[in-house]
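In what follows, a structure is listed as C-alpha cells, so that the remarks can point back to it.
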Amino acid sequence: MSQKFNEQHTKKVEEKWTEHSDDDKEPYMSHPPNLEGWQIGRYYAGKSAKKAKKGRVKDCPLGTIIFSEAKTLRIKEMLTSKSLDYLIYLCETDNHTYSHIRDSAFKRQFLSIIRGNLIDKLSNASSELAQLHEMDTSYLKKFKEKQKNPKYTAMYQGRTKLPAFKEKDNLVKLIEENQVVVVSGETGCGKTTQVPQFILDHYIENEKGTLCRIICTQPRRISAITVAERVAEERAESLGESVGYQIRMEKKMPRKSGSICFCTTGVILKQMESDPSLSNISHLILDEIHERDVTSDFLITILREVIKKRNDLKIILMSATLNSEAFSNYFDNCPRINIPGFTFTVTEYFLEDVLQRTKFQCPRFHLPPPEQRSSIKKWTNYRYKSLVKPPEYEEYIEPYARKLLKDGTYAASVCEQLENPLSENINIRLILQLLIYICHKEEQNGAILIFLPGLMDISDLHKLITNSGKFPSEEYIIFPLHSQMATVNQKQIFEPPPLGKRKIIIATNIAETSITIDDVVFVIDCGKIKISNFNIESNSQTLNCEWVSLANANQRRGRAGRVKPGVCFHLYSRARHMILKEFQEPEVLRVRLDDVILTAKLLQLDLPFGNGSDDMRHTEMQNHFFQKLMDPPKMECVYLALDCLKRLNALDDSENLTPLGYHLARLPMGPQMGKMVLFGAIFSCLDPILSIATTLDFKSPFQISLTLEKEADMKRVELADGKASDHLIFHRVLYIHDIHPIPYKFCQDYFLSSYILNLLRDMKKDFMGYLQDLNFVSGTDPKNPLHNRNSDNLALVKAVICAGLYPNVAVVKYSKSKKFIRIRSPENEFFKLHPVSVINKVRDMKAPLLVYWEKINEYIHDASMVHPLPIIFFGDHYKYTFHDHNGLISIGNSLTFRANPHTGKIIEELRDRMNWFLENKITHPSIVNWDVDSDEINILRYDLKVNLLVNLL
DNA sequence: GAGCACTGC
C-alpha cells in the first residue's frame, strides 16, 4: 500500500468556496458609516447586548459554496440513477420492528439488546462451575506437595508476618457466612495479595477447589500485572497455573477453576455485556474501591442486582478504612472487617512549622508581572485581590493563628503570615528553602518527593532548584515526574541513587497511586491538586487547582514511610488540614455521561428519559439506574448526555439504541471516536483514522521536555508538513514509526515515547478485532489494503475526522495583527487555541472552520482545519432556506453557509444519498464492495472512474 | 498572547 503523505486529491475539489471579508462574516464589525455621535454609542451598546445574549450566529454565513456548471451536470446525471430507489427501499426505517434490515447475526443481537432487560436476563442465572471430585483431589494433592517446596515455605514465612495473616480465619469465616463483605485496611497490610489466596486455599483444602474461581479487580493495568506476579511468586508457581491476569491487549489466564485472576475493572464490566450474571465466577473481589472511579461505581451498582439472582456469588469489597462504612451501608449494612496497616511512622509538619524552621517570608501582596508594574491602576487591583479572603479565614484560620500567637510556641511573624491568604499559594521559593533545610539540618538521608499540581509548577521549581547552585549535580539527581514526561518509564527513578547522591523527585499526583518510589523518606505536599470537572451550564470540561482531600493528604504522607520512618511537610496550616474535605468527589459526578449511558444501554439497565420525552413516562421511572448509584449524578447531566447521543444518532427519539448506537456501545472508546472509526472502515481509510482515534482516545505520544521546549515545538511543526491539522500529525507519527528503520531513533529525534507508540499500535490491532466482530473488516491488520483504498486521500481522511468530532466545530478569528488566533463556537462563545497546536504556526488559513476533540478551560487542545462540505454532509439539523435572493444552508441550527439554489438542491440530494448509504452499511454490517459494478458503489458514483463522495469531500 | 491531574475497555 502506498500511503504517501500528500494532499494531492484535495486539488480535485472543484467547487468554488469563497471566504467572506471580515465585514461579511461579522456584519457588526464596525458601525454603519451613516451614524454619528450618540448614534454610534447606541449602536455599540446594542451590539454588546446582543453579544451578551450569546445569540446564535445564524445570520453570519461562514462562506459561499458554488459548484461549477460542469460539475452540477455530472452530479445531476448521477442523481437520476436507479440505484437510488434501491437504497430508499433498503433504508425505509421502521423503528419498532426494523423489518427493513435483512436477517443477520447483527440484527438478532441488536434486537435482543433493545428489547431485553437485565433483570429478565438474570432470572435464569446460575453458576457454571461444576464440582469435579477427581480434579478437587488433584488440586489438594498438588497443594500438599507445594507445602514441602522450600521456595513456597520461605515465601510463606514472609506472608505470616503480614497483618492480614492474623485475620485469616476471621476473613474466611466471614466470607463463607456472608454474600457481601467489606475488607478495609491501609496500604501495606497485605489484603490485596492475601485475601484471594486465603479463599482459594480454603476451597482447595476442603476438596472443593473446582468450585472456586476468584476474580480480583484492580483500577490500573500495571497493578493487575504486578499483583498477579507477586501472588504467583508467593505460591511458587509461574503465571498461568492457579494465578493469572487479564488486562486489555494482554492476558495470561489461569486455569478454569481453582484459580485467581487479576484484571482491570473495565475488563470485568466488558465481560458482563455477554455474561451479566458472571456465571463462571465464584468470588468477585473489588480492590481499591475507595478510589470511586466511574467503572467501579458502575460495577457495584449492577452487582447489587446480580447478587439477588446469584445467591452463590460472593462479593468482597476492599477499601481504605476511611470510607469502608459507606460501602457497607450501600450493601444493606453488610459486615466489615478492618486490617491494621503496616507502615513506618511518618512525622507530620504543617506550614507553621515550615515557616518557623526556614524563617521564610511569604509575599504580602501579589506582585504584578514586571511589564505591568508601571500601570498603577492594575497594581492596586492586584493589592486589592490579595486582600480578599476566602470565607473560611474568619471562621477557622484567623482564630487558629491568633491562638498560636497567644500560646507563644511560634514566632509572631509566623502567626501573622498564616493570616495572609497568600501564604497558602504555591510558593516555589518556600519549597527551595525547605529543601535546603532538609538537606542541611535534617539528619536522615533518603529521597525527597515533592507533590505539585501541574507541569507549570514542576517546570518552575525545577529551574529554580538547578539555577540556585545549592543542588549541584554531583550530589543530587533531580527527576521531574509527570505522565507526559520520559521519566515515568525510566528505571533509574526507582533504583537507589548512585553512591553519595540524593534523589529529589518533583511529581504530580501520579506519585500518589500510580508510581511508587520505595526509598522516599521526605515528602513535601503543596496541598493542591488539579481536578477535572464537568460544568453543566457551559456543557464543558474544566481543569482547576483545588485543595487536596484528607484521603489525598494521607496517601501523600504514606509515601514517606515505605522503608523506614519518614517526615511529611504539608505546606498548609493545621487549621486548613482540619477543614479539608474527606474525599474528592466521585468521578461519576465530574464527567460527561454519554459513554456511561451507552454502556448502560448495552447492559439493558433501566435509564431515565431525557428532557424532551413526555412527562408520563418520566414519572414512571423513579428507580432508574442512575438513582441506584452510590452518588447519583444531577439529572441535567444525564439529559445533556442523552441529547448528545441523540445528536450523534446513537439513540432514537424514544431513546432506544439505534443500530449505530449499538455498534458504538460495543466499541471500547467514546461514541464520537467510535463513529470516526466506523466511518474510517466504511470509507476505506482505516489506518490513518485508527491512528488518530486511538491517539485521541488514549494518549498523545509526544513527550514534554523541560529544557528543549522550543526544539520540541519545531519538530511538531516539521511533522505537520504544512497541513493545518494536529490530528494528521498523529497519523504521520504512527505511520513513520511503523516503517522507520530505527524507530527508537525516530522517537528520540522527535520527542516521542516509543512505549506509548507501541501501545497505540497494539490498541489499533485491538480495535480491528472489535471491528471484525462487528463485521466491518476482514482481519486484524490495520494496514490491510482492502481497508485503505482511500488512505492517501487526506481530504477524505479529514472529512472522516470531521464526522467523528462533530459537533465540536469552531470558527477561527484572527486578531487584527494576525499574530494569534481566537476561536468562536457556534454558540458565540470565545475560546483560545492551545499554544502547542500547530495551527498557531501553520498559516494555511484557507478555511476558517476547525473541528476539535478536547476543550479544557477555554482552550481547544488539538484541532484540524476543515472544508465546509464535510460539516454540511455529516452535521445534523440540515436546513436549506431561500429568501431575499440568498440561499442559506444551516447545520446544527447554528452554522450557516451561502449556496445558490441549484448548488443547495444538489448538496441536499447528495447528503441524503450518503446518509442512506451509511444507514444501509450500519444496518447491514459488511465490508464495502468497491468493485466497479457493486450496488453500493453505484450509489456513490457519478462516473465509472471516480467515486463521488471520496472526491467531493 | 501564552500552557497540558490521573486512569480504563
Side-chain angles (χ1 to χ4, degrees), chain A residues 217-224 246-251 263-273 288 291-299 369 371 451-460 481-485 488 507-515 526 528-533 541-546 548 552 555 584 587 590-591 595-596 598-599 602 665-670 673-674 694 697-700 702-704 706 709 712-713 726 759 762-763 766-767 769-770 814-822 832-837 840 854-862:
Chain A
T217 70
Q218 293 292 320
R220 280 166 291 280
R221 296 160 53 88
I222 184 86
S223 42
Q246 184 183 2
I247 59 177
R248 181 179 177 186
M249 303 183 294
E250 215 180 308
K251 60 179 172 188
C263 64
T264 37
T265 333
V267 168
I268 205 75
L269 195 59
K270 201 87 195 148
Q271 275 179 21
M272 291 183 94
E273 284 171 15
E288 313 276 9
E291 289 186 15
R292 301 295 311 273
D293 56 287
V294 175
T295 328
S296 68
D297 269 16
F298 197 113
L299 207 51
E371 68 277 10
F451 284 101
L452 285 173
L455 189 81
M456 236 1 186
D457 306 285
I458 293 179
S459 166
D460 288 349
L481 189 62
H482 182 283
S483 67
Q484 284 189 74
M485 281 182 181
V488 289
T508 59
N509 58 332
I510 194 168
E512 225 177 77
T513 48
S514 306
I515 288 180
C526 75
K528 302 281 172 69
I529 187 170
K530 283 209 175 177
I531 286 283
S532 79
N533 248 303
Q541 200 190 332
T542 60
L543 183 71
N544 290 317
C545 209
E546 292 177 13
V548 292
N552 294 122
Q555 182 70 22
Q584 289 300 341
E587 195 189 6
R590 299 187 285 112
V591 291
D595 210 14
V596 179
L598 271 191
T599 315
L602 198 57
R666 288 196 46 188
L667 288 171
M669 43 173 40
M673 285 308 120
T694 312
D697 193 65
F698 176 55
K699 198 182 223 187
S700 161
F702 283 98
Q703 295 198 312
I704 294 164
L706 286 186
E709 281 170 279
D713 272 3
D726 294 303
L759 268 180
D762 292 347
M763 235 174 245
D766 193 54
F767 284 133
Y770 282 93
Y814 282 107
S815 73
K816 277 203 178 117
S817 61
K818 289 218 172 192
K819 265 192 175 168
F820 63 97
I821 294 172
R822 286 221 295 167
K832 290 176 244 178
L833 193 61
H834 198 280
V836 297
S837 170
N840 286 304
E854 229 178 3
K855 192 188 87 205
I856 303 173
N857 293 1
E858 317 307 312
Y859 277 94
I860 284 169
H861 279 237
D862 308 291

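We name chains A, B, ... by the order of the sequence lines, and we start the count at 1 in each one. Computed from a prediction, not measured in an experiment: that's the story for all the values here.
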Rounded distance (Å) that lies between atom C1' of B:dT7 and atom CD1 of A:Ile515: 12 Å
For atom NZ of A:Lys832 and atom P of B:dC4, their distance in whole Å: 10 Å
Among B:dG3, B:dT7, B:dC9, the one nearest A:Asp697 by side-chain distance: B:dC9
Donor-acceptor pair under 3.5 Å, A:Ser532 side chain vs B:dA5 base: yes
Whole-Å gap separating C1' (B:dG3) and CG (A:Asp862): 13 Å
Polar side chain donor-acceptor pair, A:Ser296 to A:Asp293, under 3.5 angstrom: yes
Sugar-phosphate, base or nothing in reach of A:Phe698, heavy atoms under 4.0 Å: nothing
All side chain to side chain contact (heavy atoms under 4.5 Å, CB included) counterparts of A:Pro668, not counting sequence neighbours: A:Arg248, A:Phe767, A:Tyr770
Upstream residue (5' side of DNA chain B) when A:Arg590 and A:Leu667 are each assigned their closest nucleotide: A:Arg590
Sugar-phosphate, base or nothing in reach of A:Asn509, heavy atoms under 4.0 Å: sugar-phosphate
A:Val836 side-chain proximity, nearest of B:dG3, B:dT7, B:dC4: B:dG3
From B:dC9, B:dC4, B:dG3, nucleotide with atom closest to A:Gln484 side chain: B:dC4
Under-4.0 Å side-chain N/O to phosphate OP1/OP2 contact, A:His482 with B:dA5: yes
Side-chain N or O of A:Thr264 closer than 4.0 Å to phosphate OP1/OP2 of B:dC9: yes
A:Arg221 side chain near B:dC9 phosphate (N/O to OP1/OP2, under 4.0 Å): yes
Below 4.0 Å: OP1/OP2 of B:dC9 and any side-chain N or O of A:Thr265: no
Nucleotide B:dG8, atom C1' - distance to CG of A:Asp297 in whole Å: 14 Å
Phosphate contact (B:dC4 OP1 or OP2) by A:Lys530 side-chain N/O below 4.0 Å: yes
Residue mapping more 5' on DNA chain B - nearest nucleotide basis, A:Leu481 or A:Gly670: A:Leu481
Spacing of A:Asn533 atom CG relative to B:dA5 atom C1', expressed in whole Å: 12 Å
Sugar-phosphate only, base, or nothing, as touched by A:Ile531 at under 4.0 Å among non-hydrogen atoms: nothing
Sugar-phosphate, base or nothing in reach of A:Arg220, heavy atoms under 4.0 Å: sugar-phosphate
Test item: A:Asp713 side-chain N/O and A:Val836 main-chain N/O as donor-acceptor pair under 3.5 Å: no
By ring-ring contact (aromatic ring centres under 6.0 Å, His included) - contacts of A:His482 (at least two apart): none
Heavy-atom donor-acceptor pair, A:Gln246 side chain to A:Cys263 backbone, under 3.5 Å: no
Protein-nucleotide distance (A:Ile860, atom CD1; B:dC4, atom P), rounded to Å: 14 Å
Out of B:dT7, B:dA5, B:dC9, whichever nucleotide has its closest atom nearest the side chain of A:Ile510: B:dT7
Protein-nucleotide distance (A:Ile247, atom CD1; B:dT7, atom C1'), rounded to Å: 13 Å
A:Thr542 (side chain) donor-acceptor with A:Ile856 (main chain) under 3.5 angstrom: no
Rounded distance in Å - CG (A:Asn552) to P (B:dT7): 15 Å
B:dG8 OP1/OP2 closer than 4.0 Å to side-chain N/O of A:Thr295: no
A:Tyr859, nearest nucleotide to its side chain (from B:dC9, B:dA2, B:dT7): B:dA2
